[in-house]
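Residues: numbered from 1 along the sequence shown. When a ligand or atom number is given, it counts from 1 through the structure's own listing order.
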Amino acid sequence: MNTQRTPFVGSNWKMNTNAQEGFALIDAIGGLMQDGGVDVAVFPPFPYLMGIGERIKGGILLGAQDIWHNGNGAFTGEVSAEMLNDCGVNTVLTGHSERRHVIGESDELVNLKTKRVLESGLTAVLCIGELLEEREAGETDAVNERQIRAGLAGISEEQLGKVVLAYEPVWAIGTGKTATPEDAQNAHAAIRALICGMYSPAAGGAMRIIYGGSMKPSNAGELMAMTDVDGGLIGGASLKADDFYGIIEAARGSLVG
Ligand code: 13P
C-alpha cells in the first residue's frame, strides 16, 4: 500500500443473505467501525438497499452490485442510476466477473454501465481479471489491458478520479485460492503503468487498485503490504462481520506498517 492513496475495502454480498441476516450484518459491521483511514463500502442485494441504507453507520458507503445504463424507462427488471441515487447509493460495481462470465456481459456493456455510473455522480468500482486458462496461457496482463481499455473508453481523466479498479482473477474468486502477494503486485503494477500511459502519471499514481479473490483476514495483510495493492473487494469472508472488520484493520495496518 502506498500511503498517498486511501485504501478502499468493499464487501460484495453477491446474491446472499435475507433481510434479517443483512440487517444483522450491517449492524455488526457498524458496531465495529472506527474512524478514518479507510474507505469502506458494502454492496447488498438490490431489494435490501433502502433498509440497509437506513441502518448504515460508521461512515460506511452504500454500494450497488449493478446498474442499467439508461435512464428510467421500459427496461423490465433493471435498476437505474436515478433509483440508486434515491436509495442513497454512493458506489456501483461494474464488470464483476460473475456478470461477465455467468450472465454474459460484454466489455462494451461494462463500458456503458461504467459511464452511466460516472455521469450520475457515483463512484464506479470497475472489476477486471483473467480466467484460469488465460492465466495459464500467460495472458493475464493482456486480458486486464483489454478490459481496462474497453471499460474506460470515453472516460475523461477528471471522471477517472471516481473510479476504483478491482483486479479479481476469476480463478481466485470463491475458490479459496488466492493470488500470491507477488502475483497480485505484478498485475497491479502493470495495471497502474497502463493507466499512467492512457491518462497521465498523476492519474495512474492516484488510482486505487484493489484485489479480490478469496481475501480473508489471514492473507489480507500480506496482500495489502504490496506497494500497488490499495485494498480489497471481498465476497465470502465479508459475510462475517468479524472477518470483514479484520480485513479493514489489515488495510489500516498497512498504512502504518
Ligand atoms: P470471494 O472473496 O468470495 O472470493 O469473492 C471475491 C469477489 O468476487 C468479490 O467481488
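Atom numbering of ligand 1 starts at 1 in the shown order; those under 4.0 Å from a heavy atom of Leu233 are 9 (C), 10 (O). Those atoms of ligand 1 with a heavy atom of Ala172 less than 4.0 angstrom away are 4 (O). Close approach to Lys14 involves these atoms of ligand 1, each under 4.0 Å from a residue heavy atom: 5 (O), 6 (C), 7 (C), 8 (O). Ligand 1 places these atoms under 4.0 Å from at least one heavy atom of Gly213: 4 (O), 6 (C).
Electrostatic pairing of Asp66 and Lys113 counts as a salt bridge here, judged by a charged N lying under 4.0 Å from a carboxylate O. Salt-bridge check for Glu82 with Arg116: passed, with a basic side-chain N closer than 4.0 Å to an acidic carboxylate O.
In this structure, Arg55 is positioned above the aromatic face of Phe23, its NZ or CZ under 6.0 Å from the six-membered ring centre and within 45° of the axis.
Checking only distances, Gly174 does come within under 3.5 Å of ligand 1, N or O to N or O. When only interatomic distances are considered, the shortest N/O to N/O separation between Gly236 and ligand 1 falls below 3.5 Å. In terms of N/O distances under 3.5 Å, ligand 1 is approached by Gly235. At a 3.5 angstrom cut-off on N or O pairs, Thr175 does not count as close to ligand 1.
Nearest-residue assignment for atom 6 (C) of ligand 1 (options Glu168, Lys216, Glu98; heavy-atom criterion): Glu168.
The distance from the CG atom of Asp141 to the CZ atom of Arg135 is 9.0 Å, given to the nearest 0.5 Å.
Of all the heavy atoms of Ser238, none lies under 4.0 Å from any atom of ligand 1, so neither backbone nor side chain is involved. Under 4.0 angstrom from ligand 1, the non-hydrogen atoms of Asn12 all belong to its side chain.
For atom 10 (O) of ligand 1, the nearest non-hydrogen atom of the protein is His96 NE2, 2.8 Å.
Grouping the Ile, Leu, Val, Met, Phe, Trp and Tyr side chains by contacts below 4.5 angstrom, directly or via other members, places Leu122 with Ile52. A chain of hydrophobic side-chain contacts below 4.5 Å, direct or via other Ile, Leu, Val, Met, Phe, Trp or Tyr residues, connects Val9 to Leu239. Hydrophobic cluster membership differs between Val42 and Leu233, with clusters built from Ile, Leu, Val, Met, Phe, Trp and Tyr side chains linked at under 4.5 angstrom.
Gln65 places none of its side-chain heavy atoms less than 4.5 Å from the side chain of Phe46.
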